[in-house]
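A short write-up of the structure that comes next.
Sequence positions, counted from 1, serve as the residue numbers for this chain. Treat the numbers as computed from the prediction; the structure is a model and nothing was measured.
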Amino acid sequence: PAAAREIATVQAQMVVAKAYPRYLPDVYRRLDQVCASPKLANMATYAYARGGTDIQGPTIRLAEAVANNYMNMKYGSEVTDRSNGESTVRTYAFDMETNTLAERTFRVPHFIQTKAGRKELTDPRDIYELEANQASRRIRACILEIVPGDVVEYAVDLCQKTRTANIDKSPEKMNALLKADRKSV
């Protein structure tokens, strides 16, 4: 009965998506509003160095905001198995309007590497947090696979403009920056 209910729910969502298709000008207007939030703008992108190369892109929070405002999308994760010291997790993004699915299935060993070495995880909360952390990157990848790149780039650019517009340019802040710069010389 639960599986049949889930199937019926997805079918109903697809019917609604076909009846009310996304209209890109509305998508962009919604992104204008969402990306004007300094909180989202400040966490919209990530950057780190790996192997001498700078890696950067939209964070899961921005990908979720884009997916929510792209409309007619569903995304998430589910643990399909937890045994033998590891979990099997499935992540997905589903465009109900075009019937396009992106998904990833992966294993999460129940341990973390620390400076002191390998630490086995036995606490259910620690295991859940490890699963959720690793799932979030795959959910982001699924969303970015479905949503057109120009829509994502538009959101990234809007967040950059919001960050720039919200920089504190007061005389006090500028003087503090100059003093800090002089001390580092």
Between Cys159 and Ala41 the two heavy atoms that sit nearest each other are O-CB, 3.5 Å

Is Met71 linked to Val34 within one hydrophobic cluster, defined over Ile, Leu, Val, Met, Phe, Trp and Tyr using a side-chain heavy-atom separation of less than 4.5 Å? no

(request) Could you tell me whether a side-chain N or O of Ser87 sits under 3.5 Å from a main-chain N or O of Val89, the two making a donor and an acceptor? (result) no

Say whether Thr9 and Gln13, considering side chains only, have a donor N or O and an acceptor N or O under 3.5 Å apart.
no

| said: Would you say that Lys74 contacts Val10 through its side chain, given a criterion of any heavy-atom pair below 4.5 Å between the two side chains? | reply: yes

The reported gap from CZ in Arg90 to CD1 in Ile139 (rounded to nearest 0.5 angstrom) is 10.5 Å

So SG of Cys35 and CG of Asn69: to nearest 0.5 Å the spacing works out to 8.0 Å

The reported gap from CD in Glu120 to CD1 in Ile112 (rounded to nearest 0.5 angstrom) is 10.0 Å

Q | Close side-chain approach of Arg29 to Tyr23, heavy-atom, < 4.5 Å | A | no

Contacts satisfying ring-ring contact (aromatic ring centres under 6.0 Å, His included) that involve residues 142-164 (not counting sequence neighbours) are Tyr28-Tyr154

Q. Would you say the side chain of Cys142 lies within less than 4.5 Å of the side chain of Arg104, judging by non-hydrogen atoms?
A. yes

Going through the distances and angles, do Glu64 and Ile60 end up as a side-chain contact (heavy atoms from CB on, under 4.5 Å)? CA-CA 6 Å; Glu64 289 170 339; Ile60 179 61; 3.7 Å; yes

TODO: Look at atom OH of Tyr46 and say whether more than 12 heavy atoms of other residues, nucleotides or ligands are closer to it than 6.0 Å.
DONE: yes

For Arg22, the salt bridge (Lys or Arg N to Asp or Glu O under 4.0 Å) test, sequence neighbours excluded, returns Asp95, Glu97

(message) With a sphere of 6.0 Å drawn around CZ of Arg163, does it hold more than 12 non-hydrogen atoms of other residues, nucleotides or ligands?
(response) yes

I'd like to know whether OH of Tyr48 has more than 12 heavy-atom contacts from other residues, nucleotides or ligands below 6.0 angstrom. yes

> Should we say atom CG of Asn84 is surrounded by more than 12 heavy atoms from elsewhere, each under 6.0 Å from it?
Replying inline: no

So Phe94 and Asn72, do their side chains get closer than 4.5 Å, heavy atoms only?
no

Taken to the nearest 0.5 Å, the spacing of Leu40 CG from Thr162 OG1 works out to 8.5 Å

**Item:** Gln11 and Val15: CA distance, side-chain angles, deciding distance, side-chain contact (heavy atoms from CB on, under 4.5 Å) verdict
**Value:** CA-CA 6 Å; Gln11 287 174 335; Val15 167; 5.7 Å; no

Do the side chains of Arg137 and Phe106 get nearer than 4.5 Å, heavy atoms only? no

| said: Please tell me whether Arg30 and Gln33 have a donor and an acceptor in their side chains that are separated by less than 3.5 angstrom. | reply: no

With the side chain counted from C-beta on, respond yes when Asn99 and Met14 share a heavy-atom pair under 4.5 Å apart, and no when they do not. yes

field: Check: Gln56 and Asp54 side chains under 4.5 Å, non-hydrogen atoms
entry: no

Could you tell me if the side chain of Asn133 sits less than 4.5 Å from the side chain of Val108, heavy atoms only? no

Correct closest heavy-atom pair for Phe111 and Leu130 would be O-CD2, 3.8 Å

Checking Leu144, Ile143, Leu62, Asp157 against Val152 for side-chain contact (heavy atoms from CB on, under 4.5 Å), the one that qualifies is Leu144

Distance col, row Arg138:CZ vs Ser136:OG, nearest 0.5 angstrom, shows 9.0 Å

One should read off an interatomic distance between Asp32 CG and Lys161 NZ, to the nearest 0.5 angstrom, of 9.0 Å

Between Pro58 and Arg140, the two heavy atoms sitting closest are O-CD, 2.9 Å

